[in-house]
Protein chains: 2
Amino acid sequence: MDIEERKKVAAFANAISNPVRVEILYFLANRNQCYFGDIKKDLPLCKATVSQHLKELKKVGLIQGEIEGPKTKYCINAEKWNEARQLLDEFLSGSNNICKCGSH
Amino acid sequence: MDIEERKKVAAFANAISNPVRVEILYFLANRNQCYFGDIKKDLPLCKATVSQHLKELKKVGLIQGEIEGPKTKYCINAEKWNEARQLLDEFLSGSNNICKCGSH
DNA sequence: ATCATTGTTTGTATTTTTACGAACAGTTGC
DNA sequence: GCAACTGTTCGTAAAAATACAAACAATGAT
């Protein structure tokens, strides 16, 4: 795994590093489509903050949004989602080392 | 996956969310033991900053350190490492949804 | 056209993260 | 003891992340 891939690992992990965003992703992963309002209802935060988190998830590509009438429909971007899964798995598969330190 | 596990997902992801920490983990994952000085040599940062990152990785349990003479030996904590791997994989396995949004 | 509904964007305050130098602490060798 | 080496901790500055209210924009209904 080269340096560029490792940077992607950090970027994907960064998207998942916030409990709110984990909740959003979990929510989206368990329905195949939903509106902003549904996501917002699930969270104890104001709409601006929710929108901000969604924007960040969109930025790394893990989700995508589509304007539908007056509402916005969000869902997981399967392609990026799988890329993240594969990258993180590859990264975390990288250690078959037996630890030589004490304090177990 | 319950809320507590999802919080752990966020916590592990948070440890991996920084490029420097990814480099440290990658470095450690590819040797089975090494000293603070070796890690520091690999990074363009002052020792205080490196120490800080190591402290954070130790806090979530992904690595462990052991004082050995005047040096400190660090290595991956295999148990936590595997827990992180399993949790993240489970989380990212959670979406078999076909996206219903456009803009592909 | 006007109004209510749905989200986004902007401005801002607070907190957290990241990085550094300096001070400190422990170990080894003289 | 004292000096050299290895890391950690402390204090602090700068940047980024998080959250909110208010303003804004777009659509749909009346």
Side-chain angles (χ1 to χ4, degrees), chain A residues 6-7 9-28 31 33-75 100-103, chain B residues 6-7 9-28 31 33-75 100-103:
Chain A
R6 299 200 295 271
K7 281 181 184 172
V9 165
F12 279 129
N14 189 55
I16 310 175
S17 73
N18 179 290
V20 173
R21 287 195 292 272
V22 168
E23 290 308 305
I24 291 174
L25 291 171
Y26 184 73
F27 189 85
L28 284 174
R31 35 220 101 205
Q33 62 109 58
C34 65
Y35 296 107
F36 175 89
D38 303 326
I39 300 166
K40 168 159 182 358
K41 227 183 306 174
D42 195 48
L43 299 166
L45 299 166
C46 75
K47 57 187 178 169
T49 303
V50 174
S51 192
Q52 203 170 282
H53 280 300
L54 288 166
K55 192 178 179 182
E56 194 153 341
L57 288 172
K58 236 183 346 186
K59 204 182 69 189
V60 293
L62 285 175
I63 68 171
Q64 58 194 221
E66 182 191 10
I67 293 165
E68 191 176 85
K71 302 187 173 184
T72 309
K73 188 155 71 180
Y74 280 102
C75 64
K100 298 288 196 296
C101 295
S103 67
Chain B
R6 298 200 296 273
K7 281 182 183 171
V9 165
F12 279 129
N14 189 54
I16 309 175
S17 72
N18 179 290
V20 173
R21 286 195 293 273
V22 168
E23 290 308 305
I24 291 174
L25 290 172
Y26 184 73
F27 189 86
L28 283 173
R31 34 221 101 203
Q33 63 109 62
C34 65
Y35 296 107
F36 174 89
D38 303 325
I39 300 167
K40 164 149 185 8
K41 227 183 306 173
D42 195 47
L43 300 166
L45 299 165
C46 75
K47 57 187 180 172
T49 302
V50 174
S51 191
Q52 204 170 280
H53 280 300
L54 287 166
K55 193 179 178 182
E56 194 153 340
L57 289 171
K58 237 183 345 188
K59 204 182 69 190
V60 293
L62 285 175
I63 66 169
Q64 56 194 222
E66 183 190 11
I67 293 166
E68 194 176 82
K71 301 188 174 184
T72 309
K73 187 156 69 180
Y74 281 102
C75 63
K100 298 289 195 294
C101 296
S103 68

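Chain letters run A, B, ... following the sequence lines, proteins first, then strands; residues in each count from 1.
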Output for pair (B:I16 CD1, A:I16 CD1), nearest 0.5 Å, gives 9.0 Å

In 5'-to-3' order, the base (B), backbone-only (S) or no-contact (-) status of each nucleotide in nucleotides 22-30 of chain C, using a 4.0 angstrom heavy-atom cut-off, is -----SS--

Any A:Y35 side-chain nitrogen or oxygen under 4.0 Å from OP1 or OP2 of C:dT5: no

Please classify the nucleic acid contact of B:T72 as base, sugar-phosphate, or nothing, using heavy-atom distances under 4.0 Å. sugar-phosphate

When the distance from CG of A:N14 to P of C:dT17 is rounded to whole Å, what number comes out? 12 Å

Within residues 36-46 of chain B, the residues having a heavy atom closer than 4.0 Å to DNA chain C are B:L45, B:C46

Hey, can you pull the donor-acceptor pairs under 3.5 Å for the side chains in residues 37-51 of chain A, sequence neighbours left out?
from: A:D38; atom 1: OD2; to: A:Y35; atom 2: N; distance (Å): 3.0
from: A:K40; atom 1: NZ; to: A:L45; atom 2: O; distance (Å): 3.2

Whole angstrom value for the distance that separates C1' of C:dA4 from NZ of A:K71: 14 Å

Can you give the donor-acceptor pairs under 3.5 Å from side chains of residues 19-28 of chain B to other protein atoms, not counting sequence neighbours?
from: B:R21; atom 1: NE; to: B:A15; atom 2: O; distance (Å): 2.9
from: B:R21; atom 1: NH1; to: B:H53; atom 2: ND1; distance (Å): 3.1
from: B:R21; atom 1: NH2; to: B:N14; atom 2: O; distance (Å): 3.2
from: B:E23; atom 1: OE1; to: A:R6; atom 2: NE; distance (Å): 3.2
from: B:E23; atom 1: OE1; to: A:R6; atom 2: NH2; distance (Å): 2.9
from: B:E23; atom 1: OE2; to: A:R6; atom 2: NE; distance (Å): 2.8
from: B:Y26; atom 1: OH; to: A:M1; atom 2: O; distance (Å): 3.1

Of all heavy-atom pairs between B:V60 and B:F12, which one has the smallest distance, and what is that distance? O-CE2, 3.8 Å

Please give, in whole Å, the distance from C:dA19 P to B:E23 CD? 12 Å

Report the residues that fulfil side chain to side chain contact (heavy atoms under 4.5 Å, CB included) with B:K58, sequence neighbours left out, ordered by chain and then residue number. B:I63, B:Y74

Outer limits of DNA chain D sitting under 4.0 Å from a non-hydrogen atom of chain B, read 5' to 3', are D:dT6 to D:dT9

Can you pull out the residues from residues 50-60 of chain A that lie within a 4.0 Å heavy-atom distance of DNA chain D? A:Q52, A:H53

